[in-house]
Structures are given as structure tokens and as C-alpha cells.
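Let me begin by presenting the structure, written as C-alpha cells, before commenting on it.
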Amino acid sequence: MDKSQGRSAQDAPAQELPPFVTASGHRGLQLEEKLIFEQGVPGRVGVDVPEAPQGAANKLGAFARKGAIGLPDLSEPQVVRHFTRLSQKNYGIDSGLFSLGSCTMKHNPRLNEKMARLPGFADIHPLQPEKTVQGALELIDTLAHWLKTLTGMPAVAMSPAAGAHGELCGMVAIWAAIQAKGEGATRRRVLVPESAHGTNPATAALLGFTVDPIPANERGRVDLAAFEKKLGPDVAAIMLTNPNTCGLFEGDIKKIADLVHAAGGYFYCDGANYNAIAGRVRPADLGVDAMHINLHKTFSTPHGGGGPGSGPVVLSAALAPYAPLPYVVHGAKGFELVETKKSGTSPFGRLKGFHGQMGMFVRALAYMLSHGSDGIRQASTDAVLNANYILARLKDVMSPAFAGGPCMHEALFDDAFLKDTGVSTLDFAKALIDEGYHPMTMYFPLVVHGAMLIEPTESENKESLDAFIDSLRHLATLAKKGDQADFFHAAPRLTPRRRLDETRAARSPILRWKPTPPPSPTAQAAE
Amino acid sequence: MRYLPHTDSDRAAMLAAIGVKSADELFVDVPAAARLAGPVAGLSATKSELEVERILSGLAAKNRPAGSQASFLGAGAYRHHVPASVDAIIQRGEFLTSYTPYQPEIAQGTLQYLFEFQTQVAMLTGMDVANASMYDAATAAVEAVQMANRVTRRGKTILSGAVHPHYRETIETHGKFSGFEVVSLAPNVDGLAGIEAKLDAKTASVVVQYPNVFGRLQDLTSLAAACQKAGVLLIVAIPEIVSMGAVTPPGAMGADIVVAEGQSIGNALNFGGPYVGLFAAKEKYVRQMPGRLCGETVDADGKRGWVLTLSTREQHIRREKATSNICTNSGLCALAFTVHLSLLGETGLRRLAGLNHALATTLEAKLAKVKGVKLLTDAYFNEFAIELPRDAGEVVDALADKGVLAGVPGSRLWPGDASMAKTLIVAVTETNTVEDMDLFATKLAEVL
């Protein structure tokens, strides 16, 4: 690669940019944009609403709204410009490499979007007669088939709305199975590794379980001896992430599953990182009882700045009878939606309104069909290849958290290479923003000091990885040169906003816009 | 495979840089017995874009979209017209393909629209503060109940008999495993009947719906006063947020927490999801609120900007002591909501709400003339319940064959409850034409 092109490979100048003031407040294409509430003129409108029919009755009774809501009135061009300007202040996977570990920002194919907008999927009501939505039910059934086949699991609950919701679903199924065995009063402890996502302990606690942490060993995996010591007749389940949040495969996973089963407990696997192993390992062969799959992570549904998600949960034969309502079955009249308890099953009930994140199902299936079983295997392989390439090319200038052996789909570094430089993990990440990248995940997992978790995903080509590596090498070298702390503290410099004061936001929260009250007459008189 | 950029020579060069001979060596930590030698059997192989379009279009064609017929379904999901610019904005890659705004300096777009969304939700519901959205109204209702349990340190909730059965069932499920008591009143058009008598020292919250599942508008002020006296939080669920353009909001009637389904503004029906749950509360409860919050602050230059805030309530900081296990929101759906509501503005929303109401009363007048139809709802917004002389599920089924999706029958919402079998819940929006309504009335008369 020609390093004279694109970003500079030389050390960045260690001085501030000269101050420059524009009359508009804009900085070139970095446009300042007021809140919608600070724009508009009463009576302007962005949607033409047809006239109401003549002579229609009013049945609002005494409930007719009195007083204004307070919304601003804007025209359509004004609204389009407002949100276009806002979009330009965002970094997305379409903008460039998005190295957030544990979040899997892969390419979001627009075919998925096109398919989800077909009126046959987007314009159907959840409570239409079943005979008018056979294609939708067939799609749910087909997606369920893919998920069951890929994971080797006999059942799947499709309704959870997000990964954490799927976790809840899987753990409720475990809770229900324990209740059914009459062990509800005694099995009250859930083992959760220290490296787990925060949602794992939160979910277990929501179900009234006691959360008992398991330490990690020096290799970044579950400490097997510590785990065995914690087993007992009061253990309801272990919640294990695999590959784990250190980006490593839990090599003892089958042993862990066997041991927890022998103790009468269940094995919940957090499947947030399933994208590393899809098509290469079936969770069923590892002894998993329940595992949620974040469709956005593994199967490319867009995450839109925080959702919507979708978190189907695959279930073992032991847990299948407890799957939530509703679910799809093959019935006498085609596909049927089961919304109430049927004889011979013990569903634990409903987890949300309606039937699941249909729009996400369409996108995920479009992605699965596009890849096929062979492509899904190749995608996992390339995701792991890319992460290991980053690890290999940075291990001499940054400090890998766990040396020796390959990582899975994400590469974990700690802050040892920044020791005595005065540069913090946060500073380092913010400097990466000026290089044109979304930084890695910082300070997670908690088991590693100053953790930096990088997940490139399979979407990145070799040139984009090399360019990203060049930036990281440049920053690491610069930091280690010494005397560069001020340069890093001042980053980012080139963004619409520089470092934002999060402490201030939390201390005196301002969570909504309010109109500025007109100055009171007394205040004016005092002036 | 068009989504995978590597050529074989790229892969070979990268494997060499790593120092392994094949990619299989990167999977050495996987127990040998569990490693798959090749692709999972029984699934199709890579397909072109054209082939995928053909398959999925085929499935879509097996459904009957609302736009292809006269459709009057509501009960928590409403078909409204979404202006074209809403979809154009949410498909901008910088919105569509971004993640949770963990790096605020390069996520001001997402953060600013979340701040605008929170403000809009607070304004619509008449409450002080709102969060950055939840999964849907049903899950938001559960979070409200759990929040009331935390605030009051009590553990019982009373559910009105006119709360949407899906919301009710979702709360009941969570009550079972979280260990709070749920008292669900029997389905009843008068959603407030029997609640006050059940308030006691153990009650943490009361959940009512407005307009209720039968479409009925009811005055909540005396219930709110009774709740306040008893130290109970009043939770109001709104299934149809467009109604707020026409009616007095729950905040003005004394609600402590308002949850709502935001699908109606900016979002398509999508067969039930993804939707966008709205969550608003009185300011004094802000640190007990679940979910994500965006707050205003300044940057290093003193310029106004936005960040995620009050995260000490959340699972990634408090872990097992968090207020909720939720770690996301319905970002894109919330964006669609904010764009659509910005287009409508005060003037547009009030016009739209007025139109919805006028069309609903127009349909009611037509159905009232059909022999055997009895109206069950007095004051309503765009949805009302009628009683038919025979099983409503059978009537809906018969009308579906005549090109009319007549509404949601009681048997779909309360399976097995004979008292609801003849009830039909009918919703009207601006997407319904007077011709659709005439067809509905004519065909209904034919099948009754």
C-alpha cells in the first residue's frame, strides 16, 4: 500500500489548531444544527393532512385536548435538512471500519432493507386472520429452521426483542424447568464469570437468583478449579459467554457443560459472539441448554444507533417444553400461531406484545440465504482471520492481554504499552477518532486492566485492515515516544464536538428541551 | 460471496503474517470432537441477490397486506401513512449503520435525535421526562411495574380489565418469575371499575390503559387522587400515541408513569415488530427509570452537545443491582418517530388526530345502521368496540374472504372467554377511505 496516500504516516503536529471563527458558527461542512424546538414557525406544516369528512360527529366527550402540546411547526424541506445535517455528525459502518469489540459492526446489506419493506411483510397487521399471513408465518418457520440447523438445537423461541431480552427468555425457561422439577426453592444460585456482559448478572438477578462470580484464569478463560468448587445442589445454571468477552474460545466448555449437568443445573450460553463460530461449531455439540443469538451481530440486521434488536433463543430438548408464547406450528390449515397453552406443553407465558421482531427476521433471513451455509462458515472464518491478523500485526507495539494462541473474532489488548506515557486508554481511543475510525471497546472486559477490544468483522478487506493497523501503530509509537500526553489529552480535535463533559451531564441532568421563559418584569426593572 | 471481500491470495498473505498454515489452525481451542469439517448440512448454499429477492418476494406474496384491502385492525398496532422522507432519512447509512453512541464526539447525530425524541415524548404524554425508548409498549409496561415496585418498596400491581391482553400477559409472566403479585381484573369495557376498592398497603402500582383496549376514553383524575392517597403509582399505557394530538394527556390527569406504543408515528405495521416503546415519568423518579437516557452537556470548547447519561442505573455499571437488564433501545424506530413527528408538528398532529377521530365517528355511524350491531364505547378516539349478534371471530373470518379485514375479534385477544366472543374492536385511521367503510358496512350486513 502506498502510505503517502490518504492519511499521513508522519507524526501529527503536537500543537493545537489555530483558532478560526466563522460568522455562521459552521466549520466548513461541519454544520451547527439547532434543536427542532428552536426552529419553525407556528402554522408551518411538513405533512398535508386531508380534510375531515363533512358532518362527522365528535365523540371525544370531555377529553378534547386543552392547550398546546408544544411541538414546533416545520416544513418538509426544513425537516429533511435538519436530519440530514444530524446524520453527518454520525459515524456508521458505512463510514468506515467500526472496531467496537463485542458489538460486531458488520456490513448491513441494503438488500435486507429492500426485502423488509415489501408490503407483504411491512404492511401486515399482527392480528390479521392467520389465513391472510401464511407467508409471514412461513418466513418465521424458515428462519427458525436455519437457526435450529446451524446450532443443532431442537427448538427456538423467536419472540425476544433483543439480546438481553433473549437472555431473559432463556433464563426464564431454565427457571420454569427448575420449578417443574420442584426445585424452585433450593436452586437459587447462578454462576456468572467475571468477564460476562453486564446483562448476564442483571438478568439472573431479575429472576431472583443469587449471582455468584467465577474468576478467570491467567489464560482468560473460566478457572475450571474455581468453577468446580462452586458447584452444588443449589446451582440453577451457569451463564457463560462463548467465545468469551476476551475474544477467546472456552476450551473446557464441554467439560463445564457436563459438570453443571451432573450437578443438576443448566448451561446458559450467551451467544452474542456466535458470529465467530457459526457454521464451524454447533452449540448443541458443546452441551448448551439455551443460547440467544443477536440477529444484528451475527446476521447483519442494522443497529441504527441502538436498536431495534432481535434475540431468538435456541433451546435444548430439556428446555423446549418451556418455550414462551407465541410460537408457530405446522397445523391442519397450514402454518398456525399458538398464542395460548396447548396440552402437553408448559410455556412460561408471553414476553412482549405480538409475535417478535418480524422486520428483523426478514433481514436476517435475507442475509442467511445470501450467504448460504457455506458462506456463513466462510464469514466466521474470515472474522476470526481478520482479528488474528490485527493481533499479529500489533502485538509488537501494543500489548495483547493474553499472549500465545489464536484469538477468535476479536483481539484484546491491555494498557501495559501505555504505562508511564501519561496517555490513558480513553485518550488513545479518542486519538483514533481523529485518524478517522470509530474506536474499539474500552475498559471492557473488566478482567483486563485498561482493556481495548477490537473486532474488525468479516466485512473488512485487507487494505482497510492495513490502513487501520497503520493508524494504531502510529499512535502507539507516538505515545511511547513520551512527552505526548498533551497531544492525546486534546483528542479528538477534528470532530463536530471535542471531548464532552459526561460528569456534568450526570450531575445536573438535562434530559429534555424546555422553552426559555421570557424575562420577568422584576428582573427587567432591576437591570 | 459478495459480502466477503477477501481473495484467496489475501487470505494466504494474512495467514502467513499470523504464522499459521491454514485457517483451521485458528480454531484449535474448539474441542476436536465438536469441530465441523464443512458447512452445516441441510441448508442451501450461497444465493445471488436476484435469487434471494425471488424467494422472499414469493413469501411476501402469500400475505395480504393492509394496503390491498379495506382494513380496520387496531388493538395496539395501527396503520398510518408514513411520509416518504421518513424512510429516506432512516435509511441514511450514518443513522442506519451506526451503533450505540458510546463515542459521543462522533455520534452527535444519534444523540441529538434521542434528546429531541425524549422531549417529544414528554410533551405528548404531559410528563416531565422520558427515556430514549424501549422495545415496545408491553415490555415498557413491565418496566413501569418493576420501577413502581422499587419506588414504593411494595410488590403488588393491579391491572385494569381494559388493559391490552398482551400487555397484561407480559406483566403476568414477569410477575411469576420476579416474584411480584399481579391482580388482573376481568375484561371489562369500564376499565376503571373495581380498582379503587382493591388498593391496599401492599399495592405498588395500578396499570390502566388510555384509550383503553375497547377504545374508550375515561377520566383518570379521581383514580390518580386515590392512588396518591394510598401511596400507589398510577401507570397509564397508551396504545395509540396519535390520540395525544386530540385528547387530554395522562400527565394532566395525575399519572406517575406513562408508557406507550410509538409505532403509530413513523413506523409500519411490520406484523407486530419491531416497534418502539415510549416511557415517561415524573421528574422525581428519574434515577429509578429503566433504559437509556440522553442528556445535554458541553464539550471541551464549551459548546452544547449530548451524551448518554445516568448510566450508573444500568447493567454495564451496576450489573446485578441494575434497574433493568435492558442494554439497548429501539433506535431506528425512535428516529422514524422523531422525523415523522417533526414533519407533523403541532399543527399537523392536531389535524391528523382530528381526521382520525372524524373518520372513526363516520364509520361508527355507518355500522350503527347495520342490524344487530351494538356500540360498546361512548367516548373514544379512533377505535371503538361493537357487539355482534354472533361470534366475532367467525364474522371476521367470513369478511376476510370478502376483502374486508374487519377488526380484532374478542376471541383473538381473550381466547376461551365466552363473555368477549361477540366483541369486535374496530380501528379507523387516515388510511381508510369512505368507500372502505361503505364496503365494510355492506359486507357486515351480508354475513350477520
Side-chain angles (χ1 to χ4, degrees), chain A residues 46-47 49 52 56-57 61 63 70-71 73 83 86-87 89-94 115 118-120 122-123 125-126 132 135 161 198 201-203 205 211 249 251 285 304-308 349-350 353-354 357-359 372-375 389 392 406 461-462 495 497-500 505 510 512-513, chain B residues 1 5 10 14 18 26 29 34 39 43 45-46 56 59-60 62-65 73 89 92-94 97-98 100 105-106 108-110 119 135 138 166 169 173 217 247 268 270-274 295-297 299-300 305 309 315-316 319-320 322 325 328 330-332 343 345-346 351 358 361 379:
Chain A
V47 181
V49 178
F63 301 97
L71 298 169
D73 281 346
F83 288 101
L86 291 192
S87 76
K89 298 176 196 296
N90 259 13
Y91 192 97
I93 189 68
D94 281 1
M115 294 299 96
L118 290 171
D123 193 23
H125 192 284
T132 67
T203 298
V211 177
F249 196 92
D285 299 332
R350 178 177 279 284
F354 308 121
Q357 307 285 68
M358 180 67 181
S373 178
D374 50 340
Y389 182 66
N461 61 54
K462 185 169 176 298
T495 44
R497 285 292 177 272
R498 293 184 52 219
R499 239 183 265 196
L500 288 142
I510 303 173
R512 61 172 289 188
W513 176 85
Chain B
M1 220 297 95
D10 288 336
M14 292 168 71
I18 295 164
L26 302 174
D29 290 329
L43 299 171
T46 305
L56 290 175
L59 283 176
K62 293 181 186 175
N63 301 320
R64 278 175 44 196
L73 293 104
I89 294 288
R92 285 187 66 91
E94 306 92 325
T97 74
S98 60
T100 303
E105 296 85 0
I106 47 171
Q108 285 296 299
T110 293
T119 306
Y135 306 140
H166 288 191
E169 289 165 29
T173 301
L217 293 162
V247 305
N270 285 326
F271 197 48
E296 184 181 316
T297 189
D299 78 346
T309 194
Q315 38 71 32
H316 59 274
R319 295 174 81 85
E320 68 265 29
N325 79 329
T328 190
S330 292
L332 270 183
L343 286 164
E346 179 90 20
R351 275 189 204 154
T361 60

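In what follows, chains are A, B, ... by sequence order, proteins preceding strands, each numbered from 1. Atoms considered below: every heavy atom in the structure, side chains included; atoms not considered: hydrogens, waters and symmetry mates. What you are looking at is a predicted structure, and each value in this text was computed from that prediction instead of being measured.
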key: Top contributor to chain A interface from B:D10, B:L73, B:I89 [non-hydrogen pairs under 4.5 Å]   = B:L73
ask   = So which heavy atom on B:G109 is nearest to which on A:K89, and how close?
value = N-CB, 3.7 Å
query = Among A:D73, A:N90, A:I510, which has the most heavy-atom pairs under 4.5 Å with chain B?
reply = A:N90
inquiry  = Counting only non-hydrogen atoms closer than 4.5 Å, does B:M14 touch chain A with its backbone (N, CA, C, O), its side chain (CB onward), both, or neither?
reply    = both
key: Residues forming a ring pair (Phe, Tyr, Trp, His ring centres under 6.0 Å) with A:H125, sequence neighbours excluded   = none
request  = Kindly give the heavy-atom pair with the smallest separation between B:Q108 and A:L500, and that separation in Å.
outcome  = NE2-CD1, 3.3 Å
query = So which of A:A56, A:G305, A:A52 has the largest heavy-atom pair count under 4.5 angstrom toward chain B?
reply = A:G305
request  = Would you mind checking which part of B:L56 comes under 4.5 Å of any heavy atom in chain A, side chain (CB onward), backbone (N, CA, C, O), both or neither?
outcome  = both
Top contributor to chain A contacts, counting heavy-atom pairs under 4.5 Å, from B:T100, B:T328, B:I106 = B:I106
key: For the student: nearest non-hydrogen atoms of B:T46 and B:M1, plus distance   = CG2-CE, 3.9 Å
Partner chain B: residue of A:P406, A:G61, A:A205 with the largest heavy-atom pair count (under 4.5 Å) = A:P406
key: Atom group of A:A392 that falls short of 4.5 Å from chain B, counting heavy atoms   = side chain
key: Option that, when pairs with chain B are counted at under 4.5 Å, heavy atom only, ranks first among A:G251, A:G92, A:G375, A:A202   = A:A202
request  = Quick one: closest heavy-atom pair of A:R350 and B:T173, and the distance?
outcome  = O-OG1, 2.8 Å
remark   = All heavy atoms of B:N63 vs all of A:G120, minimum pair found to be ND2-O, 2.8 Å
request  = Check whether any side-chain heavy atom of A:R499 sits under 4.5 Å from a side-chain heavy atom of B:E105, and report yes or no.
outcome  = yes
ask   = Hey, which of B:R351, B:H316, B:K62 has the most heavy atom pairs under 4.5 Å with chain A?
value = B:K62
Backbone N/O of B:A358 and side chain of B:T361: donor-acceptor pair under 3.5 Å = yes
A:S373 side chain to B:L43 backbone, donor-acceptor under 3.5 Å = no
inquiry  = Can you tell me which of A:N461, A:V211, A:I93, A:T203 forms the most heavy-atom pairs within a distance under 4.5 Å of chain B?
reply    = A:I93
query = Does any heavy atom of chain A fall under 4.5 Å from the side chain of B:S98, the backbone, both, or neither of them?
reply = both
request  = Count the heavy-atom pairs under 4.5 Å between each of A:G46, A:G70, A:G135, A:G372 and chain B, then report the option with the highest count.
outcome  = A:G135
remark   = Of B:A138, B:G93, B:A322, the largest count of non-hydrogen pairs under 4.5 angstrom with chain A goes to B:G93
